[in-house]
Each structure stands twice: as structure tokens, then as C-alpha cells.
Amino acid sequence: MDSRIEITALLREALARTVPEAADAEIVLERPREAAHGDFACNLALQLARRLNKNPRQLAAALAAALRALPGFGSGPIERIEVAGPGFINLHLAARARHAVIDAVLRSGAAYGRASAAKPERIQVEFVSANPTGPLHVGHARQAALGDAIAKLLEAQGHVVTREFYYNDAGVQIRNLTRSVQARARGLKPGDAGWPQDAYDGEYVQDIAQEFLARNTVRAADGAAVTASGNAEDLESLERFAVTYLRREQDTDLQRLGVNFDAYYLESSLYADGKVEAAVRRLIASGKTFEAERALWLRTTEYGDDKDRVVRKSDGSYTYFVPDVAYHLTKWQRGFRRVVNVQGTDHHSTVTRVRAGLQALDLGVPPGYPDYVLHSMVRVMRGGEEVKISKRAGSYVTVRDLVDWVGRDATRFFLVSRRADTEFVFDIDLALAQSEENPVYYVQYAHARVCSVFTQWGGDVQALHGVTLAPLAGARELALMQRLGEFPELLRTAAQEFAPHAIAFYLRELAAEFHSYYNAERILVDDEQVRAARLALCAAVRQVLANGLALLGVSAPEKM
RNA sequence: GCGCCCGUAGCUCAGCGGAUCAGAGUAUUGGCCUCCGAAGCCAAGGGUCGUGGGUUCGAAUCCCGCCGGGCGCGCCA
């Protein structure tokens with residue numbers, strides 16, 4: 001039994017007996033930072049004081065008295081109640097209630113911390129969604145780490161998650177790419193006479209051209225093999241080959257990061273299947289469009305946009321906004337009632353527009369659909385200077401560079417250990433010079449240390465289930481158990497807020513408390529009972545470290 | 001100019017549906033390995049939480065102004 005739930009119920013009962021008129025008040029249990037403030041703290045009295053026009057301390061005292069008077073209180077999870085400060089109710093758990101977390105962790109194993117949703121939802125997380133015009137850069141790496149961690153978090157809450165990658169394989173950028181490869185195939189270089197305008201100058205274009213001329217075959221994760229014709233005048237083959245080649249490169253990089261997608265959605269299919277046309281017809285039918293200056297507009301201002309948007313340009317083609325709306329409509333139609341889009345803040349203006357477009361379809365899509373997680377840009381410093389991220393320049397730091405330099409675990413942990421909306425300065429020199437001191441090693445080291453203790457011990461971990469935990473009474477042991485107990489609610493909150501960085505911080509703290517404990521106390525002592533109890537605690541710590549790291553896509557090594 | 005986001009210790013950052021919230025890492029300084037892994041631990045110094053108001057018994061947290069930074073503001077994607 002989760003003591004948090006149990007205690008909330010007790011407080012609810014005490015509240016009903018003390019002030020029945022406020023029995024419906026929300027009961028929030030906090031985890032105090034100070035051990036002296038107990039295992040849980042409740043500010044209920046402070047919250048209610050004004051509403052009831054009562055002194056908060058007296059109210060708290062009354063609630064505390066009511067708690068103590070509840071039948072069966074003595075055998076319940078609470079050992080001691082204190083009223084503190086302006087009116088906090090500090091609750092101290094009985095030893096057996098504290099120890100319960102270890103049984104819970106060992107019993108649940110890899111499932112500890114996970115929840116089974118009362119109503120599991122089918123949720124789609126869309127992320128990366130890079131266009132196939134070049135290698136993935138560090139911004140994509142951040143998005144991959146973030147998106148995958150969010151997906152894992154939602155899965156851990158019992159939902160069924162689809163990871164989707166959307167890409168533009170139809171626009172002007174693809175034409176530029178094709179012409180760039182063609183120019184390279186003809187032996188031109190950037191700057192030469194005849195080098196196309198708006199071409200991609202990166203060296204990788206030369207690689208594609210060479211493989212194209214060699215009539216090589218490439219294959220991307222979601223498609224059939226494509227063999228190059230080798231004819232530099234064959235634009236169709238050039239395009240298919242170049243796109244597939246780059247998609248394969250992106251797939252490879254994402255796999256190096258340990259990120260895999262369940263679905264790929266092609267913009268071209270929206271046109272091929274008539275979904276773009278259908279969306280336009282639907283917008284017109286809903287009466288939210290108007291014609292002006294030989295173009296067709298949508299009144300997005302009716303849905304919070306700061307200006308109306310063009311749907312069909314005066315030349316008859318559609319703006320990119322239309323396939324965007326059509327695409328998001330398919331998400332709704334495919335049954336995803338919850339969708340999380342992970343994007344860079346440079347696209348934040350599309351949030352209002354896409355939502356407005358979905359509203360204007362008049363199909364009952366909720367106004368806040370879909371959810372967005374916007375992350376700030378990643379700036380890369382090297383040699384004390386900023387490396388510009390520009391596909392055109394072809395001199396940017398790629399996902400591959402990053403993984404090669406600092407490894408997959410460090411890349412993922414690092415990129416996800418900051419809030420999405422904070423700017424990220426990735427100092428390559430620092431990451432290289434201090435790769436041994438990267439925070440990820442600290443957490444992994446704690447895991448490896450526990451493993452090492454178990455190797456030394458040589459016993460059967462299964463035998464630790466149900467051992468007497470009474471010897472676990474030291475301050476460090478209590479702190480560790482409390483920390484372990486926080487894990488499930490931490491995951492709940494992190495999932496709710498799409499905030500995987502909270503896991504990284506939690507793991508840091510758990511690892512720190514373990515290292516501190518390890519240095520202060522010997523685990524493998526002679527006393528059998530004490531040894532067994534400490535080993536059980538260590539096993540639980542190891543399990544939670546592993547569970548948390550898994551959610552971030554980071555390995556939990558047994559040796560380092 | 002308008003919109004969104006961000007200003008917390010020298011540096012990188014948590015905390016932001018108010019109270020028990022002044023925190024972590026790193027850097028600096030001083031300690032700890034005949035003892036389960038020193039990629040570790042213990043200790044010290046370091047911030048009027050950008051700034052000025054407001055709401056509140058109580059504000060880093062909520063509201064407004066200002067300053068500073070980022071990103072957007074196309075019949076580009």
C-alpha cells in the first residue's frame with residue numbers, strides 16, 4: 001500500500017470530522033526537504049485558514065488531534081504528528097511504513113515507478129521530423145533525446161505511445177537538394193559558375209553524388225531499396241536516391257542515439273491521397289475562408305492568431321500551412337486524442353496556426369490540440385567560438401559528431417538534463433575535456449558500485465525479499481528510503497509536464513545519497529541481519545537507478 | 001514595433017499552480033584510500049533570485065512596468 005495514498009485518506013477523514021464544511025478541500029502532501037520536517041508535510045490548515053476565518057495553527061492542531069483520534073491510528077503508517085511554523089502538519093512515518101518501499105521496489109522490479117493508467121490512452125509523440133536535406137544536427141539530437149524520453153515517460157504512465165517522424169519530401173527544399181546533387185555529379189563545386197542558387201554546399205552532397213554515379217543502392221527504415229541510375233540528367237532518380245540516402249543517414253544517427261520510430265509520415269502522401277485538397281474543401285465549407293488579392297485566406301484571427309493566413313497563393317499553390325493542417329487532421333482521424341509535438345522554439349508561431357486551422361475545420365477538435373513541447377536552440381561552442389548551425393554552410397555539428405565525441409549515454413543524459421525551454425550551450429571542448437566528469441558517470445557509477453557489492457557478496461538477490469528491515473534506522477538509510485518512495489510520484493509529475501529533466505535531477509540526488517551512504521557505512525558487515533537489510537536497501541537503490549536511466553535511454557552498466 | 005520564452009552563486013543550471021525554497025553541479029580552498037570501486041566522500045567560502053511597483057499574514061514563485069538576452073513576426077518550409 002502506498003503510504004501517500006493511505007495518509008491522504010486519513011487526512012481526509014480527519015478533515016471531515018474537524019471541519020465538515022470544508023471536507024472537499026484538496027489535500028496536498030509535500031515532501032519536505034528537511035528530514036526534521038517529517039516524511040510528509042501538509043499545508044491544509046494554511047490553505048483553509050482564510051476560507052474558514054480561523055487561526056491556521058489552531059486549525060492544524062485540531063486536525064492533528066482528529067488524526068490521532070482516528071480508529072486504528074496506532075497501527076497505521078503515521079508514528080508522529082507535529083504542528084510547525086505557521087500551521088504545517090508534519091507527519092513522521094512509522095519505521096515499518098518507511099521500510100515498505102523496499103519491499104515494493106524489490107517486488108515490482110523494473111515496473112517500480114510505473115503506473116497502470118485507469119484509462120490508457122493512445123498517444124502520439126511527434127519529434128525530430130527533420131527534412132531529408134542533410135545530416136541531423138545537435139538541435140535534432142536534443143529533440144530526439146527529449147521526444148524519446150517523453151514517450152517513455154508516457155508509456156510508464158500506462159499509455160500506448162506511437163513515435164512518429166514527419167518529413168517534407170515534396171517541397172522546394174527537396175528540389176534544391178536534387179539540383180545540388182546534380183551539380184556535384186556534374187563535377188561542380190560551390191562557387192563555380194553554374195552552381196545553383198540556394199544549393200546545399202555541404203560536403204555530404206558530394207558523397208551522395210559519388211554514390212549516385214556509382215549506381216549504389218540505399219535503403220531507409222520505412223521504405224524499399226533505391227538504386228541510383230547513375231545518370232546525372234535523371235532528376236527523378238537523383239531525387240529519390242538523395243532523399244533515401246539522407247534518410248538512411250538520419251536513421252543511422254538516430255539508432256546510434258538509441259531512438260527508434262514506430263511511424264514515418266510523408267508530406268507527399270498527403271497530396272497523393274487527396275488529403276490536402278480535402279482539408280481545403282473542408283475549410284471553405286466551414287465558411288472561415290475568404291478571397292482577397294487573388295488568394296484564398298483563412299480567418300485564423302478568429303482563433304487567436306494575430307493575422308489571417310493565406311491558404312492558397314495567387315499562383316494556385318498552397319502554403320505549407322495547409323499540409324500542416326491536413327497532417328494534424330490525420331492524427332485526429334487516426335484516433336490519437338492526445339498528441340505531443342516536440343519542436344524547436346523557432347517554430348512556435350505554427351502552434352497557434354495549426355490549432356486555428358484544426359478549429360476552423362469545425363470537426364470537434366479541442367482548442368488545445370495538439371500539445372506542444374518547444375525546446376530552445378542548442379548553441380555549439382568550439383575553440384571558444386560559436387559554430388554556426390547552417391545546412392548551407394555544411395559546417396555544423398551533427399548528431400554523429402556528438403555521439404562519436406562523448407558517447408551515446410552522455411549525449412542523451414546531457415541533452416535531456418535541462419528544461420526544454422532553456423537555452424543550451426554545448427561546449428564541445430568542455431564535453432571532450434571533461435567527458436570523464438560528465439554527470440551521467442556519477443549516476444552510472446552508483447549503479448556499478450551496487451553491482452560490485454553484490455558481486456563481492458556472491459549471494460542470491462532473490463533471498464533478500466522479505467528480510468527483516470528493522471536495522472535500517474540510520475539517517476542516511478531513512479533518507480534513501482524516502483527518496484526511493486518519491487520515484488512514482490516524480491514520474492507522474494514529469495509525465496504530466498513533459499519534463500524528463502526532472503528524472504535526471506532525481507537520479508543525481510539518489511546517486512548522491514547512495515554514495516554518501518556507501519562512504520559512511522559498510523554494507524557487507526558480519527552481522528547477518530544488518531547485512532541482509534543493507535543489501536536489500538542497495539538492491540532497491542540499484543533497481544530505481546536502472547529504472548530511471550532506462551527512461552532516459554541511458555545504460556546502467558554493471559562495471560565501468 | 002508586436003507576440004512567445006528566458007534573466008537564481010564566478011560558470012552551467014534546478015526550484016516557479018506562494019509558506020518547511022536560497023538549492024545542486026562545477027570552479028576555488030582544506031581534509032578522507034593497509035577497509036565492499038577515490039569516476040567517490042566530508043568540510044569551507046560564494047547569491048538583496050535582472051530591476052521597480054502591486055496582490056498576500058507570507059512572493060524566486062502570481063500581476064504590471066522597465067532593463068537585458070533568445071526565437072518568431074512571408075502569397076518560404
Side-chain angles (χ1 to χ4, degrees), chain A residues 26 28 30-38 41-43 46-47 49-50 55-56 84-88 90 131 133 168 170-174 176 198 267 292-297 304-307 309-321 323-324 344-352 374-377 379 414 417-427 430 434-446 448-457 499 501-502 504-506 508-509 511-512 514-525 531 534-535 538 559-560:
Chain A
E26 190 189 6
V28 179
E30 294 173 349
R31 297 280 194 173
R33 178 168 299 199
E34 296 289 324
H37 297 143
C42 184
N43 65 356
L46 291 159
Q47 297 291 352
R50 188 179 314 164
N55 177 306
F88 287 99
N90 291 339
N131 287 339
T133 53
N168 173 325
V172 61
Q173 294 174 61
I174 298 296
N176 288 341
D198 298 323
E267 185 186 5
E293 301 167 60
R294 305 202 308 130
L296 183 70
W297 299 68
D305 205 353
D306 53 359
K307 59 181 82 165
R309 301 294 166 176
V310 170
V311 170
R312 190 173 57 223
K313 300 185 246 182
S314 52
D315 68 1
S317 64
Y318 298 118
T319 58
Y320 72 96
F321 158 66
D324 262 10
T345 54
D346 54 337
H347 286 96
H348 74 74
S349 62
T350 67
V351 175
T352 309
L374 301 179
H375 70 267
S376 296
M377 300 293 93
R379 291 180 20 227
F414 209 63
S417 62
R418 281 156 173 69
R419 247 174 47 200
D421 58 7
T422 64
E423 255 190 82
F424 194 97
V425 179
F426 206 117
D427 189 325
L430 199 69
Q434 301 194 339
S435 61
E436 299 276 293
E437 297 172 26
N438 199 298
V440 68
Y441 292 108
Y442 184 82
V443 176
Q444 290 182 318
Y445 182 56
R449 253 185 164 175
V450 179
C451 292
S452 174
V453 172
F454 278 105
T455 304
Q456 183 90 8
W457 174 53
H501 75 274
F505 279 90
Y506 171 88
R508 228 264 155 216
E509 284 166 7
F514 173 73
H515 285 309
S516 177
Y517 175 55
Y518 181 90
N519 268 72
E521 305 286 352
R522 196 178 164 77
I523 311 298
L524 298 175
V525 291
R531 186 176 65 218
R534 289 181 176 176
L535 281 167
C538 287
K559 286 180 184 174
M560 294 176 67

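Letters go in sequence order (proteins before strands), and every chain restarts at 1. Fair warning: this is a prediction, and the values are worked out from it, not measured in the lab.
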Checklist outcome for this item: Whether each nucleotide of nucleotides 19-25 of chain B has a protein heavy atom under 4.0 Å at its base (B), only at its sugar-phosphate (S) or at neither (-) is summarised, 5' to 3', as BBS-S-S
Item to check | Structure string for RNA chain B in dot-bracket form, Watson-Crick and G-U at under 3.5 Å, | interchain | outcome: (((((((..((((.........)))).(((((.......))))).....(((((.......))))))))))))....
Checklist entry - Looking only at atom C1', what distance separates B:C2 and B:A60, rounded to whole Å? => result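 To the nearest whole Å, 28 Å.
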Checklist entry - Using the C1' atom in both, what is the distance from B:A9 to B:U34, to the nearest Å? => result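 Roughly 40 Å separates the two C1' atoms.
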Checklist entry - Under a 4.0 Å N-O cut-off, is there an ion pair linking A:Asp421 with A:Arg418? => result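 Salt bridge: no.
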Checklist entry - Is A:Tyr441 side chain donor-acceptor paired with the B:A39 base, going by distance under 3.5 Å alone? => result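 It does not, because no donor-acceptor pair links the side chain of A:Tyr441 to the base of B:A39 below 3.5 Å.
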Next on the checklist: Anti or syn, where syn is a glycosidic angle within 90° of 0; which label fits B:C33?
Outcome noted: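 Classified syn.
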Quick one: which protein N/O atoms are closer than 3.5 Å to N/O atoms of nucleotides 67-73 of chain B? Pair and distance per line, please.
unit_1	atom_1	unit_2	atom_2	d
B:G70	O4'	A:Glu423	OE2	3.3
B:C71	O2'	A:Thr345	O	3.2
B:C71	O2'	A:Asp346	N	3.4
B:C71	O2	A:His348	NE2	3.2
B:G72	O2'	A:Ser349	OG	3.2
B:C73	O2'	A:Lys307	NZ	3.3

Polar atom pairs (N or O), protein with nucleotides 32-36 of chain B, under 3.5 Å:
unit_1	atom_1	unit_2	atom_2	d
B:C35	O2'	A:Arg522	NH1	2.7
B:C36	O2	A:Ile523	N	3.4
B:C36	O2	A:Leu524	N	3.1
B:C36	N3	A:Ile523	N	2.8
B:C36	N4	A:Tyr518	O	2.6
B:C36	N4	A:Glu521	O	2.4

Item to check | Contacts of A:Thr319 that satisfy side chain to side chain contact (heavy atoms under 4.5 Å, CB included) - sequence neighbours left out | outcome: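 Once residues adjacent in sequence are excluded, the partners of A:Thr319 under the side chain to side chain contact (heavy atoms under 4.5 Å, CB included) criterion are A:Val310, A:Lys313, A:Phe321, A:Val322.
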Next on the checklist: With a 4.0 Å cutoff (strictly under), does any side-chain N or O of A:Tyr445 reach OP1 or OP2 of B:A39?
Outcome noted: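 Checking A:Tyr445 against B:A39: at least one side-chain N or O falls below 4.0 Å of OP1 or OP2.
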Are there any protein N/O atoms within less than 3.5 Å of an N/O atom in nucleotides 42-46 of chain B, and if so, which ones and at what distance?
unit_1	atom_1	unit_2	atom_2	d
B:C42	OP1	A:Ser516	OG	3.0

